[in-house]
Colleague: 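The structure's right below; bear with me while I get my questions together.
Residue indices begin at 1 and follow the sequence shown. What you see below is based on every heavy atom in this structure, not just the backbone, and it leaves out hydrogens, waters and symmetry mates.
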Amino acid sequence: MANVPSMKARIATAMLCGLATLMAESCAATPRSASALQLVVTPGLERVGTLIENAIREGAFPGAALVIGQGDRILFARGFGTLTGELGSPPVTLDTVYDLASVTKVVGTSTAAMLLLEDGRLRLDDRVADFIPGFGAAGKENVTVLDLLTHTSGLKAYETWQRVEEKRQPGESPADALLRHYTGLPVSYPPRTQIRYSCLNMQVLARVVENASGERIEDLLVRRVYLPLGMTDTRYTLNAQQIERTAPTLRLPDGSLLRGTVHDPLARYHGSNEHSPGNAGLFSTARDLSRYCRMILRGGELDGIRVMQPGTVHRMTSNLAPSATGETRGLGWGIYRPGAYASALNGTDQTRAIGHTGYTGTFLWLDKLTKAYVVLLTNRTFPEEKGQPEGKPSFFTVREQVVKTVREYVEGQHAP
């Protein structure tokens with residue numbers, strides 16, 4: 001524990017450097033167009049900056065990128081801290097690349113599935129076994145694309161890659177070994193009777209999408225979503241320049257940094273070259289994700305470029321969980337009930353508050369009612385995975401406080 005004060009001192013020094021950089025830039029006093037995302041701090045939302053700064057100071061994460069918007073306005077946009085929290089580490093900017101972890105499930109896999117639903121190459125009631133030979137066994141005979149998207153398939157939550165590697169056949173790729181393993185798994189509960197969030201659902205769905213489309217998910221999304229929207233840093237495979245801007249998620253035992261390679265063990269084993277993993281593996285920036293959120297809230301269009309039809313986006317962000325579960329779930333998206341992330345006014349499919357989190361410290365929140373959104377990216381797992389510090393803020397509490405502040409601001413702007 002003797003190194004804790006020195007770490008705090010390094011973080012404090014890095015924050016002072018970041019503050020000096022911030023003061024040297026021109027800070028906007030009014031919302032700006034999101035077409036040219038720059039440093040923005042709208043009066044009334046200064047508290048979110050304080051929340052992030054306090055969390056960095058207390059060691060919840062070394063740095064963060066935060067964008068808050070409403071409609072076509074950017075209300076807050078700023079980077080905080082540094083990539084590692086150590087002296088000499090580059091400051092976080094709106095172009096810092098983050099490992100999205102499970103946010104991949106919506107920005108990547110579910111979005112790709114929606115494109116094929118729109119094209120007519122997939123239907124929600126299609127059986128998974130029609131796209132993956134051998135899958136229809138051990139209680140999975142009638143599992144559908146909808147079941148995978150709503151996490152009601154019966155598949156268990158996770159698997160260890162070591163278990164799959166032990167049974168990998170000669171010449172078989174890790175990605176194919178995973179899929180073969182999943183086809184043989186029995187269901188862990190009767191399909192459509194409960195919601196059990198599962199990385200296996202999305203890895204299976206990713207292969208369904210690739211088999212139905214005839215191309216990797218990354219290629220499909222870059223061609224039809226990311227490039228048209230100008231999301232130039234949203235990729236499964238990064239180039240050298242992007243890796244230099246990537247926040248690491250771990251310091252490995254040999255002292256090197258894990259960055260540009262997905263943190264999630266299952267997705268890392270799967271790999272992104274032959275097939276795109278569905279549960280994690282996507283990297284992006286706050287700048288890019290701001291554009292993605294605006295596209296969703298605008299019904300599939302941004303800056304005159306349409307990538308999905310309004311009906312497709314509406315279906316994706318509506319509650320389609322089986323009634324037997326007694327819960328709400330969109331197609332990939334989590335749907336928030338009244339509480340920290342939603343109010344009673346968010347109770348219809350036209351007004352839902354939706355979102356998704358990522359294990360590495362990433363978070364998207366969108367309010368269909370007010371058209372407000374939050375993109376919060378951190379590398380909370382760096383330098384090593386740890387639990388919430390006793391009595392100190394964590395990523396989980398900070399994201400709740402940020403959304404609460406945003407909701408109060410937006411509601412205040414619309415008060416009679």
Side-chain angles (χ1 to χ4, degrees), residues 7 10-11 13-22 24-25 36-39 52 56 60-67 77-101 103-104 107-108 216 218-219 221-222 226-227 229-265 267-268 271-273 276-277 280-292 358-363 375-385 395:
M7 174 60 78
R10 290 198 295 270
I11 291 174
T13 301
M15 289 181 62
L16 288 174
C17 292
L19 183 59
T21 301
L22 173 66
E25 301 186 38
L37 188 58
Q38 300 176 14
L39 179 69
I52 302 297
I56 293 174
F61 39 78
L66 174 64
V67 178
R78 184 186 157 190
F80 299 83
T82 66
L83 299 189
T84 67
E86 300 165 334
L87 288 176
S89 178
V92 171
T93 73
L94 299 173
D95 293 312
T96 296
V97 178
Y98 281 91
D99 179 342
L100 297 188
V103 172
T104 299
V107 181
R216 291 169 63 247
E218 179 170 28
D219 299 332
L221 289 170
V222 167
Y226 303 154
L227 279 182
L229 293 181
M231 297 170 61
T232 56
D233 287 319
T234 305
R235 300 290 187 272
Y236 290 82
T237 51
L238 302 179
N239 60 37
Q241 192 273 339
Q242 289 167 324
I243 292 175
E244 284 296 314
R245 290 187 279 118
T246 300
T249 54
L250 283 176
R251 186 175 293 284
L252 299 173
D254 64 2
S256 63
L257 302 177
L258 182 67
R259 61 175 182 173
T261 299
V262 59
H263 176 275
D264 176 79
R268 196 188 318 165
S272 295
N273 291 324
S276 298
L282 194 60
F283 293 81
S284 189
T285 65
R287 186 185 302 274
D288 277 10
L289 292 176
S290 172
R291 296 186 63 75
Y292 177 86
Y359 182 81
T360 52
T362 56
F363 177 55
V375 176
L376 175 59
L377 305 180
T378 78
N379 52 336
R380 75 170 185 91
T381 55
F382 187 86
E384 59 185 11
E385 296 178 33
F395 168 74

Colleague: Are a donor atom and an acceptor atom from the side chains of Ser256 and Asp254 found within less than 3.5 Å of each other?
Modeller: yes
Colleague: Take Arg235 and Tyr226 through the test side-chain contact (heavy atoms from CB on, under 4.5 Å) and record every step on the way to the result.
Modeller: CA-CA 8 Å; Arg235 300 290 187 272; Tyr226 303 154; 3.7 Å; yes
Colleague: Look up atom CZ in Phe395 and atom CD1 in Ile52, then write down how far apart they are to the nearest 0.5 Å.
Modeller: 9.0 Å
Colleague: Working to the nearest 0.5 angstrom, can you tell me the gap between Thr82 OG1 and Ile56 CD1?
Modeller: 8.0 Å
Colleague: Assess the residue pair Thr234 and Tyr292 against the criterion (side-chain contact (heavy atoms from CB on, under 4.5 Å)); give the C-alpha distance rounded to whole Å, side-chain angles, the decisive distance to 0.1 Å, and a yes or no.
Modeller: CA-CA 10 Å; Thr234 305; Tyr292 177 86; over 6 Å; no
Colleague: For Gly361, does its backbone N or O pair with a side-chain atom of Thr378 as donor and acceptor, under 3.5 Å?
Modeller: yes
Colleague: Leu238 and Gln242: which non-hydrogen atoms are nearest, and at how many Å?
Modeller: CA-OE1, 3.4 Å
Colleague: For Leu282, does its backbone N or O pair with a side-chain atom of Thr104 as donor and acceptor, under 3.5 Å?
Modeller: yes
Colleague: Return yes if a side-chain donor-acceptor contact under 3.5 Å exists between Glu218 and Ser272, otherwise no.
Modeller: no
Colleague: For the residue pair Leu376 and Ala64, what are the closest heavy atoms and their distance?
Modeller: CD1-CB, 4.3 Å
Colleague: Stepwise, does the side-chain contact (heavy atoms from CB on, under 4.5 Å) test hold for Tyr98 with Val92?
Modeller: CA-CA 10 Å; Tyr98 281 91; Val92 171; 3.5 Å; yes
Colleague: Working to the nearest 0.5 angstrom, can you tell me the gap between Ile243 CD1 and Leu257 CG?
Modeller: 12.0 Å
Colleague: Under a 3.5 Å distance rule, please check whether Ser89 uses its side chain to pair with a backbone N or O of Thr84 as donor and acceptor.
Modeller: yes
Colleague: So, for Pro62 and Gly85, which heavy atoms are closest and what is the spacing to 0.1 Å?
Modeller: CB-N, 3.5 Å
Colleague: Between Asp219 and Arg216 (salt bridge meaning N to carboxylate O under 4.0 Å), is one present in this structure?
Modeller: yes
Colleague: Within this structure, what is the CZ-CG distance for the pair Phe80 and Leu377, rounded to the nearest 0.5 Å?
Modeller: 12.0 Å
Colleague: Check this for me: does any side-chain nitrogen of one of Arg245 and Asp233 sit under 4.0 Å from a carboxylate oxygen of the other?
Modeller: yes
Colleague: Are Asn379 and Pro248 close enough that some pair of their side-chain heavy atoms sits under 4.5 Å apart?
Modeller: yes
Colleague: side-chain contact (heavy atoms from CB on, under 4.5 Å) with Thr261: which residues, sequence neighbours excluded?
Modeller: Leu258, Arg268
Colleague: Measure across Ala101 and Tyr359 and return the closest heavy-atom pair with its distance rounded to 0.1 Å.
Modeller: CB-N, 3.5 Å
Colleague: State, to 0.1 Å, how close Thr96 and Pro91 come at their nearest heavy-atom pair, and which atoms those are.
Modeller: OG1-O, 4.2 Å
Colleague: Given the rule in the side-chain contact (heavy atoms from CB on, under 4.5 Å) test, do Arg259 and Glu244 qualify, once you have shown the distances and angles that lead to the verdict?
Modeller: CA-CA 9 Å; Arg259 61 175 182 173; Glu244 284 296 314; 3.8 Å; yes
Colleague: Using the side chain to side chain donor-acceptor pair (under 3.5 Å) rule, take Thr360 and Asp99 through it: C-alpha gap first, then chi angles, then the decisive distance, then the call.
Modeller: CA-CA 7 Å; Thr360 52; Asp99 179 342; 4.5 Å; no
Colleague: When rounded to the nearest 0.5 angstrom, what distance separates CZ in Arg78 from CG in Leu39?
Modeller: 7.5 Å
Colleague: Which heavy atom of Leu289 sits nearest to which heavy atom of Ser284, and what is that distance?
Modeller: CG-OG, 3.5 Å
Colleague: To the nearest 0.5 Å, tell me how far Leu221 CG sits from Tyr236 OH.
Modeller: 5.5 Å
